[in-house]
Amino acid sequence: MSGSEKKEQSLIFELSKPGRIAYSLPECDVPETELTDLIPATYLRSKPAELPEVYEVDVIRHYTALSRRNFGVDNGFYPLGSCTMKYNPKLNEDTASLDGFAKIHPYQLEASIQGALELMYRLQEDLAALTGMDRVTLQPAAGAHGEWTGLMMIRAFHEKNGETGRRKIIVPDSSHGTNPASASSAGFETVTIKSDARGLVDLEALKAAVGSDTAALMLTNPNTLGLFEEQIAEIAEIVHGAGGLLYYDGANSNAIMGIARPGDMGFDVVHLNLHKTMSTPHGGGGPGAGPVGVKMKLAPFLPAPTVAKLSDGTYAFDKGSEDSIGRVKAYYGNFGILVRAYTYIRSYGPEGLKAVSEQAVLNANYMRKRLEPYFRTPYPRICKHEFVLSGSGLLQYGVRTLDVAKRLLDFGYHPPTIYFPLNVEECLMIEPTETESKETLDGFIDTLIRIVEEASHDPELLLGAPHGASVKRLDETQAARKPVLNCSCG
Ligand SMILES: *Cc1c(COP(=O)(O)O)cnc(C)c1O
């Protein structure tokens with residue numbers, strides 16, 4: 001880090017000088033209320049909080065410096081596999097901040113929010129058309145929430161049919177961690193089946209796993225290895241033949257939009273991550289949106305309300321059937337995110353969305369081909385929107401994939417996902433998305449190649465990385481579970 005940057009990052013407590021203030025208020029010209037009249041004394045501080053005494057400009061510089069330590073898709077390439085981190089078009093922000101969308105209240109009368117209802121209705125229709133489903137709920141706030149919602153509908157469906165013994169959800173070993181987690185939250189037991197040597201569902205293992213206790217198979221296609229499950233029609237037949245349903249984890253639909261539809265592949269339930277495929281921001285863990293689409297046989301179980309178009313052309317909330325699993329979120333979903341996603345879909349249009357998928361797949365295959373000579377490739381075949389490499393060839397130098405990821409930080413890149421999927425040793429999982437230029441892709445590829453070369457000549461360089469970031473290696477588990485957020489961490 002350069003000297004000037006260091007200076008900029010001096011901690012605000014170090015700048016504190018008694019008596020300095022960042023604001024001044026006019027003299028109070030109304031009678032002052034005793035604080036204890038408003039708040040019971042037990043809740044009041046006994047002495048003032050120890051805040052730094054600084055000028056306004058110091059505060060601004062402090063927070064601006066902190067914000068610059070953040071990495072986001074607006075300041076660098078973010079090739080995060082299985083978590084589509086695509087550019088968030090600013091047009092989406094413009095529409096979401098229109099007064100008619102931003103300033104409405106969930107308790108307003110339907111007649112006064114017809115535009116918002118129409119947008120939600122159209123989004124339901126567009127998502128149904130894109131996925132090949134019959135009905136859609138926009139309520140779930142995230143992908144995992146969508147999974148749970150879909151599984152609760154599957155559970156209600158089997159129970160309604162008197163099949164209470166269907167308690168098992170089958171997932172492949174490459175599945176996203178949220179799949180088994182959602183299955184247990186919805187009261188199911190998870191059965192994991194191994195992938196075959198090609199990285200696809202092993203049909204024999206699937207046949208052995210299905211039975212009268214199968215509630216559903218959860219699958220993503222292309223799967224998390226970025227590979228298309230070519231035998232999807234047979235897979236659907238096996239699961240349906242055993243009386244189970246097919247759940248499609250569509251968190252990352254960037255490879256198939258406008259090209260293939262889960263509904264046509266035989267899936268009964270689909271969730272989409274609007275904060276991935278539809279370009280809405282991931283935010284700091286939210287707000288997101290994980291709408292769920294279902295085939296007609298599951299429609300009675302949808303969370304209520306959805307939005308309906310009435311015969312007179314107006315829009316209204318549909319309170320749903322008595323079999324509805326109920327509401328899964330306060331109000332109607334993360335509405336601002338729905339506006340952004342609708343903007344994205346409409347600004348591209350059907351042909352544009354197809355072009356997005358084609359470009360995403362092309363970018364991934366270009367990177368895969370250029371990187372193949374430098375990494376082990378467990379599945380050296382055409383991929384979809386993402387692909388996996390293995391850094392196991394670097395173990396001979398004492399270097400792990402984690403070290404490669406940390407070294408990438410020194411070059412200003414967000415590292416790709418590592419150690420997932422679990423069935424690939426020393427895994428690196430890369431998803432470039434469609435919006436990156438060839439120059440950006442080449443820059444990242446050249447950097448990865450340079451790092452592989454460093455690993456053989458100077459492994460210490462990787463083991464000590466990052467060298468230029470504002471913090472060294474963190475304990476990743478503790479950093480998420482017990483973050484130290486005060487200034488004393490230095
Ligand atoms: C991101 C992701 C999820 C979970 O979505 P969240 O919005 O993070 O809950 C589920 N499945 C796959 C394949 C994903 O990539």
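Whatever order the structure lists ligands and atoms in, that order sets their numbers, starting from 1.
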Margin query: Closer than 4.0 Å to some heavy atom of Glu147 - which atoms of ligand 1 meet that?
Written below: 10 (C), 11 (N)
Item checked: For Ala144, atoms of ligand 1 separated by under 4.0 Å from a heavy atom -> 4 (C), 5 (O), 6 (P), 9 (O)
Check: Of all the non-hydrogen atoms in the protein, which one sits nearest to atom 15 (O) of ligand 1, and at what distance?
Finding: Ser82 O, 2.4 Å
Note to self: Need the ligand 1 atom indices (1-based, order shown) with element for anything under 4.0 Å from a heavy-atom of Gly143.
What the structure shows: 5 (O), 6 (P), 7 (O), 9 (O)
Next item on the list: Would you mind listing which atoms of ligand 1 come within a distance below 4.0 Å of any non-hydrogen atom of His275?
Entry: 7 (O)
Item checked: Distance from atom 2 (C) of ligand 1 to nearest protein heavy atom, with residue and atom -> Lys276 NZ, 2.5 Å
Notebook entry, point to check: Quick one: does Asp249 get within less than 4.0 Å of ligand 1, heavy atoms only?
Noted result: yes
Next item on the list: Verify the distance criterion only: is there a donor paired with an acceptor across the side chains of Tyr419 and Glu426 at less than 3.5 Å?
Entry: yes
Checklist line | Minimum side-chain heavy-atom gap Pro291-Gln139 below 4.5 Å | finding: no
With a cut-off of 3.5 Å and sequence neighbours excluded, list every side-chain donor-acceptor pair involving residues 121-128.
unit_1	atom_1	unit_2	atom_2	d
Arg122	NE	Glu118	OE2	3.2
Arg122	NH1	Tyr342	OH	2.9
Arg122	NH2	Glu118	OE2	3.1
Gln124	OE1	Val307	N	3.0
Gln124	NE2	Val307	O	2.9
Asp126	OD1	Arg346	NH2	3.0
Asp126	OD2	Arg346	NE	3.2
Asp126	OD2	Arg346	NH2	3.2

Check: After noting the C-alpha distance and the side-chain angles of Arg167 and Glu159, does the key distance pass the salt bridge (charged side-chain N to carboxylate O under 4.0 Å, His left out) rule?
Finding: CA-CA 10 Å; Arg167 309 300 304 167; Glu159 279 171 8; 3.8 Å; yes
Note to self: Under 4.0 Å from a heavy atom of Thr178: which atoms of ligand 1 are those, numbered in the order shown and with their elements?
What the structure shows: 3 (C), 4 (C), 10 (C), 11 (N)
Notebook entry, point to check: Got the closest protein heavy atom to atom 5 (O) of ligand 1, with its distance?
Noted result: Asn273 ND2, 3.0 Å
Note to self: Heavy atoms only, cut-off 4.0 Å: how does Asn252 contact ligand 1, side chain, backbone, both, or neither?
What the structure shows: side chain
Notebook entry, point to check: Using 30° and 60° as the class limits, which term best fits the ring planes of Tyr344 and Tyr348: parallel, tilted or perpendicular?
Noted result: perpendicular
Notebook entry, point to check: Can you tell me if His271 and Tyr248 form a side-chain donor-acceptor pair at under 3.5 Å?
Noted result: no
Next item on the list: Would you mind running through ligand 1 and noting each atom that sits below 4.0 Å from a heavy atom of Ala251?
Entry: 2 (C), 3 (C), 10 (C), 11 (N), 12 (C), 13 (C), 14 (C), 15 (O)
Item checked: side chain to side chain donor-acceptor pair (under 3.5 Å) partner of Thr84, chosen from His282, Lys276, Glu431, Glu434 -> Glu431
Next item on the list: Rounded to the nearest 0.5 Å, what's the gap from CG on Asn254 to CD on Gln359? Could you check?
Entry: 11.0 Å
Check: Taking only heavy atoms of Ala142, which atoms of ligand 1 are found under 4.0 Å from at least one of them?
Finding: 7 (O), 9 (O)
